[in-house]
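Below, all heavy atoms of this structure are taken into account, side chains as well, without hydrogens, waters or symmetry copies.
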Amino acid sequence: PSSGKMGYAVACAARDRGAIVTLISGPTSLEVPDGVHFISCKTSSEMNNHVLQMFSDCDILVMTAAVGDFAPKRIKKEKIKKKENANLDIQLLPTEDILMNVAAKKVSQLIIGFAAESENLEQSALEKLQNKKLDFIVANDISFPGIGFQSDSNKVIIINKYKNIKSLPILPKIEIANLLLDDIRKSITSIWRPLIKVLLEFVFYENDKGIYFYDLKLGVQLGWIICLLFIGLISRSKKLTIHCFNYSSGFDFGSLVNMW
């Protein structure tokens, strides 16, 4: 089972970058990190409700692993005792697909998913990226010995929505978290750069004597617009809401990060 270490690593990395972090977590052996707001939950239904409630205020959602696909239809409060040689049949029901639920409510948020695969790593990750309309997906091969679940390190590939694939070596999970946040930040700033470039080309012209305004009054006005866009760029790049997901010992784990 997953230990929750990747999710906690993303939460800590975002906190260290100035985030206000809300960590929503199921039972885990990990200590609650300092400087985060901690919320406990036990079921996928509870997790689903928390995520949907907070998603409208998110700019970025990061889910570090899939929640269990099935859960028992009935849960006994007492121990189920063995009855001679009788078989025990447990009926399972599908759990909420939280990633699909939030993707359906997406407005302008970035959504990053994680995929733990045992075969066809790139193909499976690309299918999930497309089917669930993700902006990034981080995938790892769980059959690779010594990494992944329960480990402090992992070996992953990061794929963006343009299907560009970045393969990382075995790294500590905190380093993977920081590299992922770097890619997220770059994807945000890349949205603004073409617009700022057009404005600059509209305001200024250059010849062999230097750089000049086309029109001073217009230049001042558009200069203010550029300043406001730059302020928006800075605030946008710091306002990151990251939701991290893990499944641990039959329970759901998640963390929600709000970076201002």
Side-chain angles (χ1 to χ4, degrees), residues 1-11 14 21-33 36-58 60-80 88-106 109-118 124-125 127-140 142 148-150 154 173 177 180 241-258:
S2 173
S3 63
K5 290 180 179 180
M6 190 68 242
Y8 274 62
V10 175
V21 179
T22 299
L23 180 63
I24 306 171
S25 176
T28 176
S29 61
L30 300 175
E31 293 184 5
V32 178
V36 305
H37 177 222
F38 184 78
I39 298 176
S40 177
C41 66
K42 293 183 177 180
T43 68
S44 59
S45 178
E46 290 178 6
M47 180 61 64
N48 183 68
N49 293 338
H50 282 300
V51 175
L52 291 179
Q53 182 180 2
M54 303 182 78
F55 183 64
S56 61
D57 294 326
C58 292
I60 297 176
L61 182 69
V62 180
M63 294 182 168
T64 63
V67 179
D69 293 327
F70 296 92
K73 182 177 180 180
R74 296 180 181 179
I75 299 177
K76 296 285 187 178
K77 293 183 179 180
E78 297 81 20
K79 175 184 176 181
I80 301 176
L88 176 63
D89 295 325
I90 300 177
Q91 190 172 2
L92 301 176
L93 298 176
T95 58
E96 294 276 4
D97 189 332
I98 303 176
L99 186 55
M100 190 69 78
N101 289 345
V102 294
K105 295 181 178 295
K106 177 178 178 179
Q109 299 95 331
L110 295 180
I111 302 179
I112 294 86
F114 273 61
E117 305 291 345
S118 59
S124 298
E127 288 176 359
K128 186 173 183 179
L129 178 78
Q130 183 175 356
N131 294 340
K132 300 200 175 183
K133 300 178 181 179
L134 305 178
D135 296 283
F136 288 90
I137 190 164
V138 182
N140 71 292
I142 58 175
F149 294 152
Q150 303 297 326
N154 208 348
K173 290 180 177 178
L180 175 60
T241 304
I242 302 174
H243 181 81
C244 307
F245 235 0
N246 270 5
Y247 191 73
S248 178
S249 302
F251 294 100
D252 305 307
F253 152 79
S255 65
L256 191 66
V257 177
N258 200 8

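To the nearest 0.5 Å, atom CE of residue Met54 and atom NE2 of residue His50 are 9.0 Å apart. In this structure, CD1 in Ile112 is found 10.5 Å from CG in Leu129, a value given to the nearest 0.5 Å. Taken from CZ in Arg74 to CD1 in Ile80, the straight-line distance is 11.0 Å, to the nearest 0.5 Å. Note that the OG1 atom of Thr95 and the CG atom of Asp69 stand 5.5 Å from one another [nearest 0.5 Å].
The shortest non-hydrogen separation linking Phe70 to Leu92 is CB-CB, 4.0 Å. In terms of heavy-atom proximity, Thr28 sits nearest to Ser3 at OG1-O, 3.0 Å. The nearest pair of heavy atoms linking Met63 to Leu99 is SD-CD1, 3.4 Å. Ile137 approaches Ala115 most closely through the heavy-atom pair CD1-CB, 3.9 Å. Of all heavy-atom pairs spanning Ser44 and Ile98, the tightest one is O-CD1, 3.7 Å.
Applying the side chain to side chain contact (heavy atoms under 4.5 Å, CB included) criterion to Asn49, with sequence neighbours excluded, gives Ser45. Checked against side chain to side chain contact (heavy atoms under 4.5 Å, CB included), Leu52 has the following partners two or more places apart in sequence or in another chain: Asn48, Asn101, Val102, Lys105. In this structure Glu127 satisfies the side chain to side chain donor-acceptor pair (under 3.5 Å) test together with Gln123, sequence neighbours excluded. Remark: Ala103 pairs with Ile111 by the side chain to side chain contact (heavy atoms under 4.5 Å, CB included) rule, at least two apart or across chains. Legend: residues meeting salt bridge (charged side-chain N to carboxylate O under 4.0 Å, His left out) with Lys106, ordered by chain and number and at least two apart, are Asp135. For Ala177, the side chain to side chain contact (heavy atoms under 4.5 Å, CB included) criterion is met by Met6, Ala9, Val10, Ala13, not counting sequence neighbours.
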For this session: Dump the intermediate steps for side-chain hydrogen bond (donor to acceptor under 3.5 Å, both in side chains) on Tyr8 and Ser25, then the final yes or no.
Result: CA-CA 9 Å; Tyr8 274 62; Ser25 176; 3.1 Å; yes
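One N or O on the side chain of Gln109 and one on the backbone of Phe55 form a donor-acceptor pair closer than 3.5 Å. At least one donor-acceptor pair closer than 3.5 Å links the side chain of Lys128 to the backbone N or O of Phe114.
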